[in-house]
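Per chain, numbering begins at 1; letters A, B, ... match sequence-line order.
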There are 2 protein chains.
Amino acid sequence: MLTSERKALIQQVLRREGRLVAKEFSQKLGVSEDTIRRDLRELAGEGLLQRVHGGALPASSAVADFASREQVGSSVKARLGQAAARMIQSGQIVFLDGGTTNVQLARHLPHDLKAVVVTHSPSIAVELVHHPSVEVELIGGRLFKHSIVAVGATCAKAISRIRADLFFMGATGIHPETGVTTGDREEAAIKNLIARQSAETVVLATREKLGAASPYQIVPLSDVGTVVTMSDLGEEVLAPFRSSHLTLVEV
Amino acid sequence: MLTSERKALIQQVLRREGRLVAKEFSQKLGVSEDTIRRDLRELAGEGLLQRVHGGALPASSAVADFASREQVGSSVKARLGQAAARMIQSGQIVFLDGGTTNVQLARHLPHDLKAVVVTHSPSIAVELVHHPSVEVELIGGRLFKHSIVAVGATCAKAISRIRADLFFMGATGIHPETGVTTGDREEAAIKNLIARQSAETVVLATREKLGAASPYQIVPLSDVGTVVTMSDLGEEVLAPFRSSHLTLVEV
DNA sequence: CTTGACTCTGCACGATATTGCACGAAACTA
DNA sequence: TAGTTTCGTGCAATATCGTGCAGAGTCAAG
């Protein structure tokens with residue numbers, strides 16, 4: 001294990017998990033704690049991370065915020081993202097919507113995956129800069145700041161030229177009757193367009209989204225191919241989504 | 001085993017495995033470590049890989065790359081960015097190129113500025129999400145990970161539809177004779193296109209960029225309207241840039 | 001064919017980097 | 001406050017680095 005390799009790994013772990021415990025990490029890598037501590041000290045000296053008692057946190061406060069939120073709300077989204085990332089096969093063209101769950105998905109893409117990721121979210125694009133083999137196609141347009149995704153006519157036109165194998169859709173609600181919904185009309189239209197351009201649409205749904213509904217419908221439930229959700233939800237919540245045309249993946 | 005053969009093999013291993021340990025590799029090839037070290041040093045000199053203690057890593061992992069670049073004189077860049085941000089007037093349409101200096105510019109945009117920022121850099125877009133009144137137009141395309149900007153035909157087409165008042169260009173070198181240059185051909189083409197679509201081109205140049213030249217010319221110096229740089233540079237460095245058509249802003 | 005310039009390679013050696021351990025200081029926890 | 005964990009530093013062992021140098025091979029001019 002090369003020193004710089006180890007340092008790169010440390011930063012990767014911080015990006016992915018939002019924190020790093022010195023002792024834990026030293027055991028995982030089979031080196032002494034001193035070595036890890038030294039690495040952390042040096043990286044902190046370069047401003048690349050924030051040193052804390054017992055380990056380290058990401059440098060930027062924004063990421064730190066995000067990381068702590070993640071810890072509090074547990075790593076449900078990370079688990080969903082990880083499961084979803086495994087659905088992608090090499091050579092596929094996948095559309096990644098914006099949103100924190102999809103950021104997790106991007107973070108957990110297998111290191112050796114060769115695929116094309118299309119996205120209208122600059123956050124996702126930035127996240128994938130660190131991936132060694134995934135090619136990123138960024139869709140432009142007017143930036144809708146609330147969701148951090150591009151929308152508008154330019155965006156729609158660019159999307160209409162692309163056909164994807166998979167679409168990982170972000171949404172605020174998924175309901176047996178109202179279908180998949182979100183809070184912005186234009187965003188809904190864009191998502192709908194992407195869904196129509198994709199062979200299969202996948203929705204990653206945390207507990208609070210299942211059975212919820214927002215003002216604007218993106219697609220009816222019949223247009224969704226797969227829903228990825230947690231396995232510890234009650235059957236009464238899941239039952240409405242069990243049907244012949246929809247694959248329900250429980251993580 | 002020819003030297004060039006060995007060097008090619010080294011690069012192949014790096015592409016395939018993402019790392020190379022000098023000792024290990026020398027044994028596998030049956031040559032001395034010195035030879036391998038020499039090869040690595042030379043390849044690193046050509047920028048084809050990143051030399052590290054014990055071996056080598058791929059050149060543009062962009063990971064530590066961008067992060068470390070971020071660190072290089074960030075306070076200087078912040079001052080340049082701040083000065084440049086003041087050049088923008090309300091109501092203008094400005095094009096913000098990628099790069100760490102321009103991230104600083106984005107960070108220092110006056111809070112009450114009402115303007116449209118066009119960018120092909122997802123990093124810049126994400127940075128501006130928190131600005132209350134600036135509207136962001138994201139230009140899409142294939143993501144060039146090293147610089148974190150969109151490039152390619154789609155990108156060029158989108159740019160050709162926009163006319164901006166100001167273009168804050170990122171570059172790796174600005175030289176009286178070779179003009180403004182950068183390290184990637186396609187990136188240079190995109191930057192050139194943006195410059196042609198803009199009424200005025202501004203270059204933010206830290207000390208090491210002034211008088212430097214990279215392989216690909218973006219525009220000749222005569223196409224640059226303003227250069228923003230530090231005031232503590234020697235006159236012998238600045239003199240070649242003092243001319244009637246170019247405004248030299250010293251911060 | 002010989003000679004001289006040049007390149008490549010391996011070796012020697014002093015310099016530098018990295019690592020693990022020891023030990024007292026500081027921080028955290030109950 | 002007391003006990004435990006983590007931290008930082010000094011130190012020694014080891015690994016790796018860079019450089020100078022010499023031998024071997026190549027090539028072209030004489």
* Reading nucleotides 13-28 of chain C from the 5' end, what letters show protein touch, with B for base, S for backbone sugar-phosphate only, - for no heavy atom under 4.0 Å? -> ----SSBBBB----SS
* When you check the gap from the basic side-chain N to the acidic O, do B/E42 and B/R6 get nearer than 4.0 Å? -> no
* Asked: Rounding to a whole Å, what distance do you find between A/I36:CD1 and D/dG8:P?
  -> 14 Å
* Structure fact -> Taken to the nearest 0.5 Å, the spacing of B/H131 NE2 from A/L143 CG works out to 13.5 Å
* **Any B/K23 side-chain N or O less than 4.0 Å from OP1/OP2 of D/dT16** => yes
* **Atom pair CG (A/L49) and CZ (A/R19), whose distance is rounded to the nearest 0.5 Å** => 14.5 Å
* To do: Among B/T226, B/V203, B/L221, find the one that has a side-chain contact (heavy atoms from CB on, under 4.5 Å) with B/L246.
  => B/L221
* To do: Let me know the distance between CG of A/L40 and C1' of D/dT9, rounded to the nearest Å.
  => 17 Å
* Say you draw a straight line from CG of B/L128 to CZ of B/R107; how long is it, rounded to the nearest 0.5 Å? -> 10.5 Å
* Asked: At what distance, to the nearest 0.5 angstrom, does CZ of B/F144 lie from CD of B/E186?
  -> 8.5 Å
* Asked: What is the nucleic acid contact for B/V52, judged by heavy atoms within less than 4.0 Å: base, sugar-phosphate only, or nothing?
  -> sugar-phosphate
* Asked: Quick one: A/Q27 CD to D/dT5 C1', roughly how many Å, whole number?
  -> 13 Å
